[in-house]
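This report concerns only the one structure given below.
Numbers restart at 1 for each chain; the letters A, B, ... are given by sequence-line order, proteins then strands. Computation of the quantities below employed the complete heavy-atom set of this structure, encompassing side-chain atoms and omitting hydrogens, waters and symmetry-equivalent molecules.
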Protein chains: 2
Amino acid sequence: MKQSKVTVVDVARAAGVSKSTVSLVLQGSSLVNEGTRAKVGAVIRELGYVYNRGAANLRQSKSKIVGIVVNDLTNSFFAELAVGMDMVVQSAGYIQFMANTSENADRQGEVIASMREHGMAGLILSPARGTTAADLRPLVDSGIPVVLVARNVPGLKVSSVVSDGHAGAAAAVRHLIELGHRRIAFLGGFNDTAVFDERMRGFRDALQEAGLNASDELVISSAPSRAGGVAAVERMLAMVDRPTAALCFNDAVAFGVCDGLRSARIEPGVDFGVIGFDDVIEAKTAVPALTTVSVDPQGMGRRAAQLLLKQINAGDFDAEALVASVRLVVRESCGAAQRMKREAVTA
Amino acid sequence: MKQSKVTVVDVARAAGVSKSTVSLVLQGSSLVNEGTRAKVGAVIRELGYVYNRGAANLRQSKSKIVGIVVNDLTNSFFAELAVGMDMVVQSAGYIQFMANTSENADRQGEVIASMREHGMAGLILSPARGTTAADLRPLVDSGIPVVLVARNVPGLKVSSVVSDGHAGAAAAVRHLIELGHRRIAFLGGFNDTAVFDERMRGFRDALQEAGLNASDELVISSAPSRAGGVAAVERMLAMVDRPTAALCFNDAVAFGVCDGLRSARIEPGVDFGVIGFDDVIEAKTAVPALTTVSVDPQGMGRRAAQLLLKQINAGDFDAEALVASVRLVVRESCGAAQRMKREAVTA
DNA sequence: TTCATTAATTGGAACGTTCCAAACTGTCAA
DNA sequence: TTGACAGTTTGGAACGTTCCAATTAATGAA
């Protein structure tokens, strides 16, 4: 039963050539005669030979394996990201170790170490929360190309592909202003992350640009989840001078914000403008459909993988920072539809 | 920069022992003296030695790598499945090649071949549509443990973990009957798949058990997608004797069916009962919230991985077929809420 | 004939581990 | 003094490839 023991020497013997010749055939060298190539090919098929890439990697001390480590595969944003990477990695003839860390930095450390032992040629990492530059330093110093995606790690000189959180947030806020809102909040997300900081600065800058209030009390941080959204909006509703619209840290928070508004008998998209971030799949089908900043995660994944492969092939390389552009997708939750209706009546 | 060249002999030289001793330390053998163990350990850390698992695998001709191949990672059902597997594989000290096939059987063949060349110890496969027994035969015959998950491949004697489609479908239909429906359709899905067949038989059996019509015209197949759901419900609405409720092949189809009903001014969950299958994340938040058959994909993934590891460790093993139980989650789309309201009024 | 040239093939030494059998230490009993 | 024994350590041969230098065979020119 377990017979997968046929090696290149077995093939050589059966074909009446030397192992070197078989090796040459395997790598499609032009040195070998057509006749022998055919004969060897036939024997390979007949014997059910399977190439041992591990042995080859050992000899050549290089591999066609890349590591992909993602913080949360159950989040469709990161799943799409992974699929994008998978596509380009596969078509380049590479294969990937892929692991999910569930936002656990320790686990992340373990899988990266394990991948290293297995001899990966490069790593794409969507870091778990709490990842520090020190965690990654040894890997980076070893000269293995690393590309960070979706989230950055401050203090680490390494390539990255992130979305333009600043521009996205600013666009969303400008849209709300255009709809007539003058007091706008920023809800949800942990305020110690780089992503939060970037989006929040976009929010602030757009408000200031319009000469509006951008004070600290308008920024309410919380867990970046649905529950966090509920919590944040409750705190917001307790304010004396209530905002009339909010930009949320991400779509999950936005859904929570909608829940929270409804329990307070405020209808999102009618009485209050809500905008999310990421454009997860559910955003389109939710009620009200969520206005959100879309970031094409699959495209980001593809770009990250391309960057990594480029760095693997170049012997030497410099860290490169790519910023994926974003666009505002206007649906219902911001109240734009309502305004159009009002205008139609007025006209 | 690229210096990762330190091997076990370098460590041995630096520590003043032989490479054999270092190897012993590496595998935590009790043979080695505490003093030497400590010294070697220190040198290892100092030199930044990284273990070359590829070389070890070559020598021992076995690996701690498993393959996970999934047909569609962007589908949250399969993403959850993958995360479940990831958990148990990681905690068992294994690492996984993981690849997405996008339902492409050719690509699936390629990645499996590649994983084999890299020396995986076993494979968990959620097969792409159109996978035949012949595609997998060589792998299975080689003695490498294979576990199929979510979908089965007919004619292949290999372990599998699937959900109980028959019981789930039957439970859903019984629920609809209990709500007073007498004419029920089965909508969506390709009728040449094993999963379709199983769910459809559950549908039929429940109808016959209640003495209701279970004729062929009530089964309308289509693509197992949202668009397929729309198409199927349109065909259903053209029937002279219209059904009043439907069990859908999966949740995506169910969403499409709701769309289609609405375009015909029929309100799902009020004028027509809809039940889905799989309980994807969106099912809970959709409007109306989808009544559906829940299958705990993460749990299935865990069980599949456990089964695979068991078979890897057992030298010899028999194919084993696990059936994951399912439960009906009653929400709004079936009309149960409506009925309760009616009953309250009547009472 | 002889020699250079090209085309095709080959043996053996790597690559970084593990494993086996053998070889060192001491210690203690005979 | 010898031998038995346990506790440690070790050299070299694998594992299945690739690569280099070297060999052989065939052809053609001198």
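- Side chains of B/L136 and B/L125 form a contact here, defined as non-hydrogen atoms less than 4.5 Å apart.
- Between the side chains of B/E117 and A/N52, no donor-acceptor pair of N or O atoms lies under 3.5 Å.
- Expressed to the nearest 0.5 Å, how far CD1 of B/I312 lies from OG of B/S63 amounts to 8.0 Å.
- Non-hydrogen atoms lying under 4.0 Å from DNA chain D are contributed by B/L31, B/V32, B/N33, B/T36, all within residues 31-42 of chain B.
- Helix-axis bend for the helix from C/dT1-D/dA30 to C/dA30-D/dT1: the local axis fitted to the five terminal pairs at one end deviates from that at the other end by 70°, rounded to 10°.
- The one candidate from B/L24, B/V25, B/V32 that meets the side chain to side chain contact (heavy atoms under 4.5 Å, CB included) condition with B/V40 is B/V25.
- Residues meeting the salt bridge (charged side-chain N to carboxylate O under 4.0 Å, His left out) test with B/R302, sequence neighbours left out: none.
- If you check the side chains of A/S102 and A/N104, you find no donor sitting under 3.5 Å from an acceptor.
- The ring pair (Phe, Tyr, Trp, His ring centres under 6.0 Å) analysis of residues 61-92 of chain B, with sequence neighbours excluded, yields no pairs.
- Pairs of residues two or more places apart, or lying in two chains, that qualify as ring pair (Phe, Tyr, Trp, His ring centres under 6.0 Å) and include a residue from residues 111-163 of chain B are B/F97-B/H118.
- Counting only N and O atoms by type, the side chains of A/S23 and A/Q27 include a donor and acceptor under 3.5 Å apart.
- A donor-acceptor pair shorter than 3.5 Å can be found between the side chains of A/N71 and A/S126.
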Dump every N/O contact between nucleotides 10-17 of chain C and the protein below 3.5 Å, one line per pair.
from	atom 1	to	atom 2	distance (Å)
C/dT10	OP2	A/S18	N	2.8
C/dT10	OP2	A/S18	OG	3.2
C/dT10	OP2	A/T21	OG1	2.6
C/dG11	N7	A/S20	OG	3.0
C/dG11	O6	A/S20	OG	2.9
C/dG12	N7	A/K19	NZ	2.9
C/dG12	O6	A/K19	NZ	2.9
C/dG12	O6	A/S20	OG	3.4
C/dA14	N3	A/R59	NH1	3.2
C/dC15	O2	A/R59	N	3.3
C/dG16	N2	B/A55	O	3.4
C/dT17	OP1	B/Y49	OH	2.6
C/dT17	OP1	B/N52	N	3.4
C/dT17	OP2	B/V8	N	2.9
C/dT17	O5'	B/Y49	OH	3.4

